[in-house]
Amino acid sequence: EVQLVESGGGLVQAGGSLRLSCAASAFSLDDYAIGWFRQAPGKERERISCLRWRDGRTYYVDSLKDRFTISRDRAKKTVFLQINNLTPGDTAVYYCAAGDLSTFGEMWAFRSLDFWGQGTQVTVSS
């Protein structure tokens, strides 16, 4: 079992930056990829990026890759999401999740999302 805890959200002005953290507790994450998602009020959940733990390979949604950067600290089993040049449109609850990743070139999708964090709120003021 994997437990995930997000942190780092908050209220920020447009143009600012945030770094979100997703701390994982598990014996091993090698069988998983960690993904970042967000959900704004009244909207469907949206995927952002993911990191395949066994080799550190990263994937992004094309429309977001210029402002979002995923990274990790292997020793601390923590995955980060750096968000730059925030806009009010980025306001959402941000979640991380662990699951089974399928890839083809730069395309990616989770076959399953087995564990979720509780989410962290990001609010961007104009």
Side-chain angles (χ1 to χ4, degrees):
E1 183 172 336
V2 179
Q3 293 183 328
L4 302 170
V5 179
E6 300 98 333
S7 61
L11 174 63
V12 63
Q13 286 190 331
S17 298
L18 281 175
R19 189 175 81 156
L20 308 182
S21 299
C22 172
S25 61
F27 178 75
S28 173
L29 294 173
D30 287 346
D31 293 335
Y32 296 98
I34 306 296
W36 280 100
F37 303 79
R38 66 183 181 182
Q39 188 164 21
K43 294 188 177 181
E44 292 188 355
R45 186 180 68 202
E46 176 185 23
R47 61 180 190 153
I48 301 169
S49 180
C50 71
L51 184 148
R52 188 168 56 203
W53 194 262
R54 60 178 171 82
D55 61 5
R57 179 77 162 86
T58 60
Y59 299 86
Y60 295 89
V61 169
D62 282 347
S63 61
L64 299 175
K65 65 189 303 181
D66 289 342
R67 298 190 296 116
F68 291 73
T69 304
I70 194 169
S71 62
R72 67 175 175 178
D73 182 325
R74 290 191 69 174
K76 295 182 178 179
K77 292 183 180 177
T78 299
V79 176
F80 305 101
L81 184 69
Q82 176 73 34
I83 315 172
N84 296 325
N85 193 21
L86 282 152
T87 73
D90 294 317
T91 295
V93 178
Y94 285 69
Y95 300 91
C96 63
D100 182 23
L101 183 69
S102 174
T103 65
F104 183 77
E106 293 300 315
M107 295 187 291
W108 58 282
F110 278 93
R111 295 188 187 93
S112 65
L113 287 160
D114 304 308
F115 306 99
W116 287 86
Q118 82 287 352
T120 186
Q121 176 71 47
V122 172
T123 303
V124 184
S125 63
S126 57

Straight-line distance of [X] [atom1] to [Y] [atom2], nearest 0.5 Å:
X      : Y      : atom1 : atom2 : value
Asp100 : Arg52  : CG    : CZ    : 11.0 Å
Ile48  : Tyr94  : CD1   : OH    : 5.0 Å
Trp36  : Ile70  : CH2   : CD1   : 8.0 Å
Leu64  : Arg38  : CG    : CZ    : 5.5 Å
Leu11  : Gln121 : CG    : CD    : 9.5 Å

Measure the shortest side-chain to side-chain distance between Glu106 and Asp62 over non-hydrogen atoms and say whether it is less than 4.5 angstrom.
-> no
Pairwise side-chain contact, Ser7 with Thr120, heavy-atom cut-off 4.5 Å (strictly under) =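 In short, these two side chains do not touch, never coming nearer than 4.5 Å.
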Lys/Arg cation over aromatic Trp108: Arg57, 6.0 Å, 45° cone |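 So Arg57 doesn't make the cation-pi contact.
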Which heavy-atom pair separates [X] from [Y] by the least distance, and what is that distance?
X     : Y      : answer
Ala33 : Leu101 : CB-CB, 3.6 Å
Leu18 : Gly8   : CD2-O, 3.7 Å
Arg67 : Leu86  : NH1-CA, 4.0 Å
Ala97 : Leu113 : CB-CD2, 3.8 Å
Thr78 : Trp53  : N-CH2, 4.1 Å
Cys50 : Gly35  : CB-CA, 3.8 Å

For the hydrophobic clusters of this structure (ILVMFWY residues joined by side-chain heavy atoms under 4.5 Å, transitively), does one cluster hold both Val61 and Val79?
-> yes
Can you hop from Phe80 to Leu29 via hydrophobic side chains spaced under 4.5 Å?
-> no
Return the orientation label for the Tyr95 and Trp116 ring planes: parallel under 30°, perpendicular over 60°, tilted otherwise.
->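 The arrangement is perpendicular - the two ring planes meet at more than 60°.
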Mind checking whether Phe115 and Tyr32 have parallel, tilted or perpendicular rings, split at 30° and 60°?
-> perpendicular
For side-chain contact (heavy atoms from CB on, under 4.5 Å), just list the numbers for Arg54 and Asp31, CA-CA rounded to whole Å, side-chain angles, deciding distance to a tenth of an Å, and then say yes or no.
-> CA-CA 7 Å; Arg54 60 178 171 82; Asp31 293 335; over 6 Å; no
Going by the side-chain contact (heavy atoms from CB on, under 4.5 Å) test, name the single residue among Leu51, Ile34, Thr58 that passes it with Arg72.
->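 When Leu51, Ile34, Thr58 are each tested with Arg72, the side-chain contact (heavy atoms from CB on, under 4.5 Å) holds only for Leu51.
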Side-chain ([X]) to main-chain ([Y]) donor-acceptor, under 3.5 angstrom:
X      : Y      : result
Lys77  : Phe27  : yes
Glu6   : Leu20  : no
Ser112 : Asp114 : no
Arg19  : Gln82  : no

